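Heads up: the structure comes next, in structure tokens.
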Number of protein chains: 2
Amino acid sequence: MSRKNKREHTSDQLPKLGIQPYLDLMEKTALQNTDRKLAHLGLLMLWLGDNAIDAIDLNLETFGITESKWDVLLLLTLHEDRELITPSSLADRLGIRRASVTALLDWLEKRHWIIREQSTLDGRKIHVKLTQEGRELVARALPVFWSACSSIMSDLEEEERMLLEKILMKLNRSMEEKLGVGR
Amino acid sequence: MSRKNKREHTSDQLPKLGIQPYLDLMEKTALQNTDRKLAHLGLLMLWLGDNAIDAIDLNLETFGITESKWDVLLLLTLHEDRELITPSSLADRLGIRRASVTALLDWLEKRHWIIREQSTLDGRKIHVKLTQEGRELVARALPVFWSACSSIMSDLEEEERMLLEKILMKLNRSMEEKLGVGR
DNA sequence: GATTTTAGTTAGATAATCTAATTATATACA
DNA sequence: TGTATATAATTAGATTATCTAACTAAAATC
């Protein structure tokens, strides 16, 4: 009767450990000058980020698009009528190579959500634009996207939200500086 | 002299918009019942999560491994000597298919960081274990991993840390429930 | 006008995932 | 005891998202 682990002969599921074993491991293996509290927070942030991305992906799936494609569509939407959008500028902003953008655009163009137009001023450049169909897709996806964003964060008390907002904005700023990226 | 946008003829970089245009777009396109404040937080969390993952990946690169492989190695480390680890149980815990685990394990085995041993009790099952070399790799990577985790979160005041810890743990719990996953 | 730079694409590779089919073993049932 | 079913792992073949290196065309430099 002293058996705690019923699973032993019935299934090989790994038990959920929770965070404690991670913290124990950290205690044993982190450098002396690593701040444990901060590392703990960073680990949580990593997990949470993973989960947040999964949750959003799940919602975008409904529209047959992935996060990468959504990023492109969002950039096109936000910069539409403001500046000329080229594959290079997308690559730059997305932090990926031009060749990778070519692949994304091929995919989006095949589905008639974007078009490429050669620049008349500079024959090397391509203007990337949303089509009407593309605009409609974005219009359908946006409400779902926002609601998915908000559902990640539900369950927070009013006070927690205010604090979190301040902290997240600060973190985001410092992280962008470190990585040299930005939105 | 009234030109504000010097870029116009010199480069096609997309300007960094910051968060405001996103919030404006949200105002126009979110459903009525979507809580704007929460969606704003969710968006920040998404960005931050992306950046956090990039930062960690950058550090793991030094060791020639990616996040997926690191996840496997960490699970093997934490469950070593506690329970039998099979490809199935890894798939289950990682939230991916058994076939995907086979591919990850093939890669790790080729580099002699893990071995596969057939179970004597149940011929269908495989025990996955770290090799000595694998354990050494993990031992080298762990200090870097923790310090990367902590560096994501540096710049926070003492008070902010305490608040954030509480909030992140709560969010993580509720998110895991929603997605039905866990560590 | 020749050289260099820039923009975009192509070709070919790797990584991480998937589904469906296959193989071997174990379990259930009749 | 056999046959049918279920489970574990792998294989085969595909897709997506990346990359680097090489290439083409156009523009800029000198």
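Residue numbers start from 1 in every chain, and the chains themselves are labelled A, B, ... in the order their sequence lines are given, proteins ahead of strands. Bear in mind that the values here come from a model prediction, so they are computed numbers and not experimental data.
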Closest to the 5' end of DNA chain D, once Glu67(A) and Arg124(A) are matched to their nearest nucleotides, is Glu67(A)
Rounded to whole Å, the CD-C1' distance (Glu61(B) to dC19(D)) equals 11 Å
Testing dA17(D), dT17(C), dT10(C) for proximity to the side chain of Ala99(A), the answer is dT10(C)
**Message:** Less than 4.0 angstrom between a side-chain N/O of Lys69(A) and OP1 or OP2 of dT16(D), yes or no?
**Reply:** no
Here the distance between atom P of dC18(C) and atom CG of Asp57(A), to the nearest Å, is 12 Å
Taken to the nearest whole Å, CG/Leu84(B) to P/dA9(D) is 11 Å
Inset, instruction - Give a yes or no on whether Ile115(B) and Leu108(B) share a hydrophobic cluster (residues Ile, Leu, Val, Met, Phe, Trp, Tyr; joining criterion: side-chain heavy atoms under 4.5 Å apart). - result: no
Give Ser100(A) one of three labels, base, sugar-phosphate or nothing, depending on what nucleic acid heavy atoms sit under 4.0 Å from its own. base
Residue pair Thr66(A)/Ile126(B) against DNA chain D: nearer the 5' end by closest nucleotide is Ile126(B)
Between CG of Leu90(A) and P of dT6(C) the distance, given in whole Å, is 19 Å
Practice task
Please confirm whether any donor atom in the side chain of Arg98(A) sits under 3.5 Å from an acceptor in the base of dG8(C), or the reverse.
Solution key: yes
### Message
Any base atoms under 4.0 Å from Thr102(B), or only sugar-phosphate, or nothing? Heavy atoms, all strands.
### Response
base
Please work out if Ser88(A) contacts a base, only the sugar-phosphate, or nothing of the nucleic acid, heavy-atom cut-off 4.0 Å.
sugar-phosphate
From CH2 of Trp107(B) across to P of dA16(C) the rounded distance in Å is 8 Å
For the residue pair Tyr22(B) and Trp47(B), does the interplanar ring angle fall in the parallel (under 30°), tilted (30 to 60°) or perpendicular (over 60°) class?
perpendicular
Rounded to whole Å, CD1 of Ile65(A) lies from C1' of dA17(D) at a distance of 15 Å
(Q) Would you call the rings of Phe145(A) and Trp70(A) parallel, tilted or perpendicular, taking 30° and 60° as the class edges? (A) tilted
Separation of dA15(C) atom P from Arg97(A) atom CZ, nearest Å, is 18 Å
Quick note, Ile96(B) side chain, CB onward, closest among dT17(C), dA9(D), dG8(C) is dT17(C)
Using a cut-off of less than 4.0 Å, is there contact between a side-chain N or O of Ser68(B) and OP1 or OP2 of dT17(C)? yes
Side-chain contact test, heavy atoms from C-beta onward, threshold under 4.5 Å: evaluate it for Leu60(A) versus Thr66(A) and give yes or no. no
| Taking side chain as C-beta onward, heavy atoms only, is Leu156(A) less than 4.5 Å from Met153(A)? | yes
From CG of Asp54(A) across to C1' of dA16(C) the rounded distance in Å is 13 Å
